[in-house]
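Numbered from 1 within each chain, the chains take letters A, B, ... in sequence-line order.
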Amino acid sequence: MPKDRKVAKKWTADEYIDDLFQKKDAGKLPMPNPPFFLGMEVFYLPIGQDVLRDIDMKRYERLVSRGAVLQRRYDPTTATHIVSENGAKVTATRLGINSVLDIPEHIRTVNGAFLGHLVSCYGSGTHVRTLPNGRKDYENAHWPGREDFDDPKLAAFTERIKKIEEIPVAPPPQVRRRHGERRLSSPQPPARSDTEDEDEDPRFKRNPTKSRQLPTPSQSSDIISRSSSPGLPPTSSPTPYDDEKADSDPLAEFYSKAREEAELGLNDESEFVDYTNHGHKRGVRTITHTPPSVWSVDNPRPTASCLNQDIIDELERLHLIHSSRPFEEDAWRAFSYKKCIRNIKNHPIRIKNGNEARQIYGVGEKTASKINEFLTTGKISRITHELSKGDVAAVKLFTGIYGVGSHTAYNWYTLGLRTLEDVRRGKGGVKLSPCQETGLKFYDDINLRMPRAEAEEIFLMIKPIALAIDPKLSVDIMGSFRRGKADCGDIDILITRPIHDGKTHAGVMARLWAGLHKARILTEDLALPSNMEDSLECTYRGLCSLPVPDSRRRRIDILMLPWQYRGAALLYYTGDDIFNRAMRFKAGKMGYSLNQRGLYAGVVRNPNKRTEKTNQGNIVASETEEEIFKILGVPWQEPWQRVRGA
DNA sequence: GCACAGACTAG
DNA sequence: CTAGTC
DNA sequence: GTGC
Ligand SMILES: O=c1ccn([C@H]2C[C@H](O)[C@@H](COP(=O)(O)OP(=O)(O)OP(=O)(O)O)O2)c(=O)[nH]1
Ligand SMILES: [Mg+2]
């Protein structure tokens with residue numbers, strides 16, 4: 001079939017790509033060795049509109065044979081590169097977007113010559129290390145030539161590149177639905193300077209506590225190019241162009257490198273804050289100050305926000321319906337809808353029909369059809385139908401109780417319970433666990449997020465208490481706070497201790513726990529460490545509040561673990577959760593396993609009981625976040641760039 | 001047809 | 001082991 | 001439910 005292809009058959013891009021991958025899977029496609037396109041997820045815009053030209057086929061073949069993943073449909077959430085010989089306007093149209101400026105910054109836009117450039121750089125071979133599973137680690141090999149995406153001869157849409165350089169950080173317009181929403185210009189740990197945690201408007205300043213390094217101002221280009229090959233200078237290729245088969249092309253635009261499986265990769269996302277609810281005062285005053293953010297954000301994204309908000313709303317309903325039901329199928333459906341929601345939120349253009357929706361990654365036939373139904377009839381009958389049952393509302397209400405999940409909530413509903421009052425009365429004979437009792441008692445407080453300033457204030461009271469126990473402790477505030485969010489759902493604290501003096505933090509949790517209760521900061525416990533007394537590793541969950549009248553209860557989690565695991569722990573605890581899952585997902589695909597202790601090679605799991613490890617594996621990285629990113633081939637991302645959840 | 005992250009505590 | 005949570 |  002290869003031969004026919006050129007001669008007779010007129011191929012469309014889809015057919016050709018299918019054929020290529022079919023051959024590849026059948027082992028019939030020559031895969032010459034240095035896979036210098038490995039890790040790249042490319043959307044190649046053929047020169048031939050309907051029927052591919054020879055040059056298009058050659059490029060497709062080259063991309064695949066050298067390891068690239070091709071996108072049949074442009075999907076900005078996973079694409080790392082767009083290769084186009086067309087002009088900006090044509091390209092935008094064919095990608096289904098308004099302007100090439102809408103292409104997320106992490107995606108490199110290049111021309112065909114870029115492909116030839118890499119061929120000339122690496123066509124003959126390179127040194128590559130060997131992975132734990134015995135294979136060559138092409139995944140993480142460095143291909144510095146890929147960084148030449150901004151070379152005028154290799155780039156596409158120079159206006160885009162220029163734009164990116166000018167913009168400190170151009171977060172994709174993230175859409176936010178809540179009221180007080182607004183974008184924060186600084187993704188950095190913006191901290192509110194003033195008082196009233198009243199929320200709406202805090203002026204943010206810069207990073208407060210010792211925490212993180214400042215976001216590099218040159219951000220956006222950083223985001224784009226800085227990647228997994230830190231330290232490696234972009235090498236210019238020896239030979240200016242052409243490759244094995246000579247293919248030089250002018251065009252250009254593109255690039256990106258983290259081909260992340262799905263969600264990893266750079267997602268610039270500089271945080272923008274949504275002030276959701278904090279709305280209750282309770283005086284809190286912050287002590288934070290931070291240099292003005294370099295990122296004055298405001299990105300030029302034309303499409304400000306939700307062009308598809310109405311569709312998102314419907315999908316949120318579907319998500320809610322399925323997450324309310326305690327059946328496994330529903331859980332995965334909910335998982336899928338969440339993914340659709342995230343991707344549609346990033347979709348820069350208005351979806352006009354089911355077909356268009358179907359093009360978006362994560363949106364399958366079923367969902368596309370529902371979207372189509374909504375677009376044509378104004379509603380989705382399935383939703384109307386399911387919501388009329390009443391269980392969804394009840395489950396939503398009950399799961400608001402900390403410690404009550406969909407199973408318990410659904411059971412209560414089945415028993416006839418409908419209100420929190422029913423729960424309090426123990427209707428149907430329901431019994432609450434201690435933690436659920438507390439959850440019910442502080443239902444409102446627990447379901448509110450707190451102003452960042454309050455999280456900081458509480459943390460600044462806790463830290464000295466910890467340091468008084470042992471001044472060598474490393475105590476940091478993590479989670480959404482570290483990511484720079486303006487409001488936090490809880491306070492996440494990470495504690496560890498250097499081991500260089502031969503001492504450890506054994507017993508610290510017990511003392512800290514006692515000290516915090518004594519200081520009236522901890523108010524209720526929700527889950528105690530299995531071994532507070534002497535373990536170096538433990539988790540505490542509870543409620544806390546500023547020790548002043550009228551302060552609200554806030555959720556707090558304290559995680560403690562050995563110094564050697566600090567990098568992995570930092571990574572884990574910084575999140576966000578979606579980012580972590582994407583990272584772990586990728587690690588798994590690469591033969592590794594990633595958890596809060598480290599990145600492991602050779603972990604073998606019981607195929608029947610997924611959580612059980614047959615072989616524990618060997619730790620390959622854990623002391624720094626950087627090494628983990630690097631080994632996984634994920635471009636370095638500052639905490640505030642690790643936002644994947646909506 | 002299978003994976004979708006991986007771990008800790010409560011009971 | 002299941003449920004709930006990070 | 002979706003993608004491979
Ligand atoms: O299912 C989860 C939940 C959390 N985490 C990690 C990432 C997250 O950032 C951190 C702290 O969890 P938390 O629930 O506090 O989330 P957050 O990111 O801090 O957000 P919030 O502001 O709601 O607390 O633990 C996970 O890996 N998986
Ligand atoms: Mg948190």
Does a side-chain N-to-carboxylate-O contact under 4.0 Å join [X] and [Y]?
| X | Y | answer |
| --- | --- | --- |
| A:R554 | A:E454 | yes |
| A:R541 | A:E524 | no |
| A:R555 | A:D445 | no |

- Is A:R642 close enough and on-axis enough to A:W636, meaning under 6.0 Å and within 45°, for cation-pi?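 Verdict for A:W636: a cation-pi partner in A:R642.
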
- Task: Validate the cation-pi geometry between A:K613 and A:Y600: distance from NZ or CZ to the six-membered ring centre under 6.0 Å, angle to the ring axis within 45°.
- Result: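 Flagged: A:K613 positioned over aromatic ring of A:Y600.
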
Among [options], which nucleotide has an atom closest to any side-chain atom of [X]?
| X | options | result |
| --- | --- | --- |
| A:R610 | C:dC6, B:dC4, D:dG1 | B:dC4 |
| A:R541 | B:dA10, B:dG6, C:dT5 | C:dT5 |
| A:R605 | B:dG6, D:dT2, B:dT9 | B:dG6 |
| A:F585 | D:dG3, B:dA5, C:dC6 | B:dA5 |
| A:R358 | C:dG4, D:dG3, D:dG1 | D:dG3 |
| A:N595 | C:dT5, B:dA10, B:dG6 | B:dG6 |

- Task: Apply the test side-chain hydrogen bond (donor to acceptor under 3.5 Å, both in side chains) to residues A:D525 and A:Y540: give CA-CA distance (whole Å), side-chain angles for both, the deciding distance (0.1 Å), then the verdict.
- Result: CA-CA 8 Å; A:D525 299 321; A:Y540 169 82; 2.4 Å; yes

What is the distance, to the nearest angstrom, from the [atom1] atom on [X] to the [atom2] atom on [N]?
| X | N | atom1 | atom2 | answer |
| --- | --- | --- | --- | --- |
| A:D577 | C:dT5 | CG | P | 14 Å |
| A:L494 | C:dC6 | CG | C1' | 13 Å |
| A:F327 | C:dT2 | CZ | C1' | 16 Å |
| A:Q596 | B:dA7 | CD | C1' | 5 Å |
| A:N531 | B:dA10 | CG | P | 10 Å |
| A:M590 | B:dA3 | CE | P | 20 Å |
| A:R382 | D:dG1 | CZ | C1' | 13 Å |
| A:R342 | D:dG3 | CZ | P | 13 Å |

- Flag as yes if A:F335 stacks onto the base of B:dC4 (centroids under 5.5 Å, planes under 30°), otherwise no.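 Stacking is absent between B:dC4 and A:F335, given that the ring centres and planes do not meet under 5.5 Å and under 30°.
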
[X] side chain N/O closer than 4.0 Å to the phosphate oxygens (OP1, OP2) of [N]?
| X | N | answer |
| --- | --- | --- |
| A:K589 | D:dC4 | no |
| A:K613 | B:dA7 | yes |
| A:R584 | B:dA5 | no |
| A:T539 | B:dA7 | no |

- Message: Please report the distance separating the C1' of B:dA5 from the corresponding atom of C:dT5, rounded so that it comes out in whole Å.
- Response: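 14 Å, rounded to whole Å.
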
- Query: For atom P, what is the distance between D:dT2 and B:dG6, given to the nearest Å?
  - Reply: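 Comparing P positions in D:dT2 and B:dG6 gives a spacing of 23 Å.
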
- Examine the base of C:dC6 for any acceptor or donor lying under 3.5 Å from a partner atom in the side chain of A:Y572, and report the outcome as yes or no.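 Looking at the base of C:dC6, it does pair with a donor or acceptor on the side chain of A:Y572 (distance under 3.5 Å).
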
- Task: Return the residues of residues 401-409 of chain A meeting this criterion: a heavy atom under 4.0 Å from some atom of DNA chain C. Order them by number, or give none.
- Result: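 Contacts with DNA chain C under 4.0 Å: A:I401, A:Y402, A:G403, A:V404, A:G405, A:S406, A:H407, A:T408.
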
- Please figure out whether A:C435 or A:P607 has its closest DNA chain B nucleotide nearer the 5' end.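 Looking at the nearest nucleotide for each, A:P607 comes out on the 5' side.
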
- Task: Take A:W332 and A:P529, find for each the nucleotide of DNA chain B with the closest heavy atom, and name the residue whose nucleotide sits nearer the 5' end.
- Result: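 On the 5' side of the pair lies A:W332.
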
Sugar-phosphate, base or nothing in reach of [X], heavy atoms under 4.0 Å:
| X | answer |
| --- | --- |
| A:P434 | sugar-phosphate |
| A:K431 | nothing |
| A:L559 | nothing |

- Check the angle between the aromatic planes of A:F327 and A:Y410 and answer parallel, tilted or perpendicular using the 30° and 60° thresholds.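 Judged by the thresholds at 30° and 60°, the geometry between A:F327 and A:Y410 is perpendicular.
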
- Task: May I ask you to check whether A:Y60 and A:Y44 place their ring centres under 6.0 Å from each other?
- Result: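 Close enough - the centres of the two rings lie under 6.0 Å apart.
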
Name every donor-acceptor pair, under 3.5 Å, that has one atom in a side chain of residues 528-536 of chain A and the other anywhere in the protein, sequence neighbours excluded.
| residue | atom | partner | partner atom | Å |
| --- | --- | --- | --- | --- |
| A:N531 | ND2 | A:S535 | OG | 3.1 |
| A:S535 | OG | A:E537 | N | 2.9 |
| A:S535 | OG | A:E537 | O | 2.9 |

